[in-house]
Enquirer: 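Got a structure for you, questions after.
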Amino acid sequence: MGFQLDRRLENDSMHVTDLRLCMIRLMNNKNFPWLLLVPQREDVSEWIDLSREDQHQLSDEIAIVSHLFQALVTPTKLNIAALGNQVPQLHIHLIARYKGDKAWPNPVWGAASEEYSEEESRRFIYDLKTAIDSVQAA
């Protein structure tokens, strides 16, 4: 059957690009710049379910995307988390937080959500994809 993205992740986010291991997605919540890295492996819910090689690749991809994301959105704090309480498919959250954002200093879960307009998401995804793809081409 192969890798299939969990429907909840698909419904709540938009595809940006693919890396060697992970699919990169933008959460559709413009109150918090928020990326997901989803390892494209079948039946993986925990980091320890990945092969040792994939664990290292995931760490590398988190670091690369985090640096690029931080440079693009210049947050006060960049939160990196893997929870999976509601969606068991392994996915890593990169959430840009700013002093004074709609949830600061509390967690973003349960905070106000506002979807991107089509133009906003198109522009942001283009910027993210361009930055990430430039590193892959190097």
Enquirer: Kindly say whether D127 contributes a backbone atom to a donor-acceptor pair with the side chain of T130 at under 3.5 angstrom?
Expert: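 The answer is no, because no donor-acceptor pair under 3.5 Å joins these two groups.
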Enquirer: Taking the side chain as every heavy atom from C-beta outward, state whether I125 and M14 have any pair of such atoms under 4.5 Å apart.
Expert: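 SC-SC contact between I125 and M14 confirmed.
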Enquirer: When rounded to the nearest 0.5 angstrom, what distance separates CD1 in I24 from OG1 in T17?
Expert: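 Atom-to-atom, I24:CD1 and T17:OG1 are 7.5 Å apart.
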Enquirer: Kindly indicate, with the supporting measurements, whether the criterion side-chain contact (heavy atoms from CB on, under 4.5 Å) is fulfilled by R41 and L50.
Expert: CA-CA 8 Å; R41 297 292 185 260; L50 294 169; 4.0 Å; yes
Enquirer: In terms of side-chain geometry, is the basic nitrogen of R20 or E61 positioned less than 4.0 Å from the acidic oxygen of its partner?
Expert: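 Between E61 and R20 there is no salt bridge, as every charged N stays at least 4.0 Å from the carboxylate O atoms.
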Enquirer: Using 0.5 Å steps for rounding, measure from the CG atom of L26 to the CG atom of L94.
Expert: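 Answer for the CG-CG pair, L26 versus L94, is 11.0 Å.
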Enquirer: Verify side-chain contact (heavy atoms from CB on, under 4.5 Å) between F124 and Y116, making sure each step is shown before the conclusion.
Expert: CA-CA 9 Å; F124 195 18; Y116 289 97; 3.3 Å; yes
Enquirer: For the residue pair Q86 and R8, what are the closest heavy atoms and their distance?
Expert: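 Answer, listing the atom of Q86 first, then R8: O-NH1, 2.8 Å.
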Enquirer: Using a 4.5 Å cut-off between side-chain heavy atoms of Ile, Leu, Val, Met, Phe, Trp and Tyr, which other residues end up in the same hydrophobic cluster as F32?
Expert: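 Noted: F32 shares its cluster with F3, L5, L9, M23, M27, W34, L36, V38, L83, V87, I95, V108, W109.
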Enquirer: Can you measure from OG (S59) to CD1 (I92) and round to the nearest 0.5 angstrom?
Expert: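 The OG atom of S59 sits 9.0 Å away from the CD1 atom of I92.
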Enquirer: Taking R7's backbone N and O only, do any of them form a donor-acceptor pair with N11's side chain (distance below 3.5 Å, no angle check)?
Expert: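 At least one qualifying donor-acceptor pair exists.
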Enquirer: For the pair H91 (side chain) and Q89 (backbone), establish whether a donor and an acceptor sit closer than 3.5 Å, ignoring hydrogens and angles.
Expert: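 Yes, H91 side chain to Q89 backbone: donor-acceptor pair under 3.5 Å.
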Enquirer: Quick check: closest heavy atoms across A103 and A111, and the distance to 0.1 Å?
Expert: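 Looking at all heavy atoms of both residues, the shortest contact is CB-CB, 3.7 Å.
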Enquirer: With distance as the sole criterion, is a donor-acceptor pair present between the side chains of S121 and N28 under 3.5 Å?
Expert: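 Per modelled atom types, S121 and N28 side chains form no pair under 3.5 Å.
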Enquirer: For V16 and I132, work out which heavy atoms get closest and say how close.
Expert: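 That would be CG1-CD1, 4.5 Å.
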Enquirer: Any luck finding a side-chain donor-acceptor pair between Q57 and E53 under 3.5 Å?
Expert: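 No, E53 and Q57 have no side-chain donor paired with an acceptor closer than 3.5 Å.
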Enquirer: Is the side chain of N31 donor-acceptor paired with the backbone N or O of A112 at a distance under 3.5 Å, no angle test?
Expert: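 At least one qualifying donor-acceptor pair exists.
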Enquirer: State, with a plain yes or no, whether a side-chain heavy atom of P39 is found less than 4.5 Å away from one of L90.
Expert: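 In contact.
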Enquirer: What donor-acceptor contacts under 3.5 angstrom involve side-chain atoms of residues 65-81, with partners at least two apart or in another chain?
Expert:
from	atom 1	to	atom 2	distance (Å)
S66	OG	I62	O	2.6
T76	OG1	K99	N	3.2

Enquirer: For S13 versus R25, what's the shortest heavy-atom pair and its separation?
Expert: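 That would be OG-NE, 2.7 Å.
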Enquirer: With no hydrogens and no angle check, is any side-chain donor or acceptor of E120 less than 3.5 Å from a backbone partner on S117?
Expert: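 Answer holds: yes.
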Enquirer: Could you state the interatomic distance from CG (L58) to CG (D60), rounded to the nearest 0.5 Å?
Expert: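 It comes to 9.0 Å.
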Enquirer: I need the E115 CD to D12 CG distance, nearest 0.5 Å.
Expert: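 So the CD of E115 and the CG of D12 are separated by 9.0 Å.
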Enquirer: Working to the nearest 0.5 Å, report the span between CD of Q4 and CD of E10.
Expert: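 Those atoms lie 9.5 Å apart.
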Enquirer: Would you call R122 and E118 a salt bridge, taking side-chain N to carboxylate O under 4.0 Å as the test?
Expert: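 Looking at E118 together with R122, the answer is no, because their closest N to O distance does not fall below 4.0 Å.
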